[in-house]
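Computed from a predicted model, the values in this text were never measured in an experiment. Throughout, protein chains are lettered first and strands after them, A, B, ... in sequence-line order, and every chain is numbered starting at 1.
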Number of protein chains: 2
Amino acid sequence: MRDFSRSLPMSLLRAREAVMRQFRPSLREHGLTEQQWRILRALAAIEAVEVTELARTAFLLGPSLSRILRDLEARNLIERRIAKADQRRSMVSISKEGVKLMASVAPNSEAIYAEITRRFGARKLAELQDMLGALEQSLAGLGTGEEASAEE
Amino acid sequence: MRDFSRSLPMSLLRAREAVMRQFRPSLREHGLTEQQWRILRALAAIEAVEVTELARTAFLLGPSLSRILRDLEARNLIERRIAKADQRRSMVSISKEGVKLMASVAPNSEAIYAEITRRFGARKLAELQDMLGALEQSLAGLGTGEEASAEE
DNA sequence: AAGAAATACTTAACAAGTTAAGTGAATGCG
DNA sequence: CGCATTCACTTAACTTGTTAAGTATTTCTT
């Protein structure tokens with residue numbers, strides 16, 4: 001069996017950890033986890049979203065998102081209101097306080113991202129992202145019962 | 001602020017999830033989590049290791065590893081004995097039962113890896129892994145107080 | 001040799017990942 | 001209309017990630 005430390009999952013895990021390690025301390029100083037930060041960023045770009053759609057953009061599973069939204073709401077960083085047309089749906093948006101918090105974190109965060117880009121190289125970074133996207137694409141639909149080889 | 005869904009951390013996260021999603025169901029059938037599987041694989045390649053060294057190879061933090069080893073030991077998949085030279089250290093090894101379990105999981109796991117490789121392309125895969133390794137390297141030591149620009 | 005510092009873990013506490021089950025509201029369809 | 005089904009989300013239960021604190025053992029220092 002192939003040396004597992006050289007397997008694709010491990011390479012991806014280590015690379016991501018190397019990146020995230022740069023951001024976590026700064027986020028932590030502001031009392032935010034990586035996931036909470038993802039949610040705020042996703043919300044900042046938009047007026048209001050449904051929870052399911054937010055889960056998709058922030059790449060979180062429903063149960064995780066449920067918990068985090070509960071906490072962010074308790075901290076007054078986000079707001080929720082039930083959609084009038086469909087009582088099942090709730091629309092989430094970032095609060096004024098949330099925007100303020102983002103503003104206080106963003107500069108540092110941007111600086112770190114810039115430094116990573118500088119170290120690795122902007123061109124290589126773009127190339128890497130392309131490959132990661134291609135990998136995702138090539139695996140889309142695998143294991144969902146539609147991975148037929150060619151004959152269907 | 002850049003569209004966060006196109007940020008490097010998100011790209012890495014999505015790519016890794018796309019890969020891991022292929023493996024999880026098979027592991028689950030055998031009652032193993034991704035992390036437990038990593039540990040077994042790390043142990044299979046070696047006689048016995050210290051916990052700290054195992055944490056390094058399986059890329060797990062100490063506390064996670066402590067818990068998982070406790071559980072794997074209770075399931076008789078690994079064995080532990082205290083190093084005679086240094087009572088603080090304990091040597092971990094895979095048990096006979098652990099080897100058996102690995103043997104029952106490995107074929108499926110290999111097949112999945114092969115399919116991923118086939119879909120994405122072996123050459124591209126190798127290229128991607130190189131880039132991931134380079135990214136890791138370029139970030140090594142950043143944020144540890146030794147990231148001086150050039151003057152030291 | 002004795003106390004201080006470092007080392008190798010383990011425990012604790014809280015946040016998040018993962019799967020399954022639950023709840024209430026809308027839809028489909030007879 | 002009535003009722004099963006689907007949908008949007010939440011809860012639950014268990015495992016892991018993350019940081020801090022704790023414990024025992026060894027090494028360093030003098």
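Rounded to whole Å, the distance from CD on B:Glu53 to P on C:dA8 is 11 Å. Distance CG (B:Leu13) to C1' (D:dG17): 14 Å, rounded to an integer number of Å. Spacing between atom CG of A:Leu72 and atom C1' of C:dA15 amounts to 12 Å, rounded to whole angstrom units. Atom pair B:Leu60:CG and C:dT10:P shows a separation of 13 Å (rounding to whole Å applied). Distance B:Gln22 CD to C:dT18 P: 14 Å, rounded to the nearest Å. Atom pair A:Arg24:CZ and C:dA16:P shows a separation of 12 Å (rounding to whole Å applied). Residue A:Leu61 contributes atom CG, which lies 19 Å from atom P of D:dA13 at whole-angstrom precision. Atoms CD1 (A:Ile68) and P (C:dT18) sit 12 Å apart, rounded to a whole Å.
The residue among A:Leu65 and A:Pro25 whose nearest nucleotide of DNA chain D is located toward the 5' end is A:Leu65. Along DNA chain D, the nucleotide closest to B:Pro63 and the one closest to B:Asp71 are compared, and the more 5′ of them pairs with B:Asp71. With DNA chain C read from its 5' end, the first of the two nearest nucleotides for A:Ala83 and A:Phe59 is the one closest to A:Phe59. With DNA chain C read from its 5' end, the first of the two nearest nucleotides for A:Thr33 and A:Lys84 is the one closest to A:Thr33.
As judged by a 4.0 angstrom heavy-atom cut-off over every strand, A:Ser66 is placed among the base-contacting residues.
Salt bridge B:Glu73/B:Arg70: absent, no basic N to carboxylate O contact under 4.0 Å. The residues B:Arg88 and B:Glu50 are annotated as not salt-bridged, no charged nitrogen and carboxylate oxygen being separated by less than 4.0 angstrom. In this structure, A:Lys100 does not pair ionically with A:Glu97, as no charged nitrogen and carboxylate oxygen lie closer than 4.0 Å. Residues A:Arg24 and A:Glu17 are paired through a salt bridge, judged by an N-O separation under 4.0 Å between the basic side chain and the carboxylate.
For the side-chain contact (heavy atoms from CB on, under 4.5 Å) test with A:Leu27, the passing option among A:Asn108, A:Val105, A:Thr33 is A:Val105; the others fail.
A close approach under 4.0 Å does occur between a side-chain nitrogen or oxygen of A:Gln35 and OP1 or OP2 of C:dG17. Distances shown here put a side-chain N or O of B:Thr52 below 4.0 Å from the OP1 or OP2 atom of C:dC9. Regarding contacts with the backbone of C:dA15, every side-chain N or O of A:Ser64 stays at 4.0 angstrom or more from both OP1 and OP2. Side-chain nitrogen and oxygen atoms of B:Arg80 include at least one within less than 4.0 Å of the OP1 or OP2 phosphate oxygen of C:dT10. In this structure, A:Gln87 does not reach the D:dC7 phosphate: none of its side-chain N or O atoms is under 4.0 Å from OP1 or OP2.
At a threshold of 4.5 Å between non-hydrogen side-chain atoms, the residues A:Ile78 and A:Leu40 count as touching.
With hydrogens and angles ignored, a donor-acceptor pair closer than 3.5 Å exists between the side chain of A:Arg88 and the base of D:dC7. Side-chain atoms of A:Arg67 come within donor-acceptor range of the base of C:dG17, with a qualifying N/O pair under 3.5 Å.
In the set C:dT18, D:dA20, D:dG17, the nucleotide with an atom closest to the side chain of B:Glu17 is C:dT18. Side chain of A:Asp86, nearest nucleotide from C:dA16, C:dA25, D:dC9: C:dA25. The B:Arg89 side chain lies nearest to C:dT7 when the options are C:dG17, C:dT7, D:dT10.
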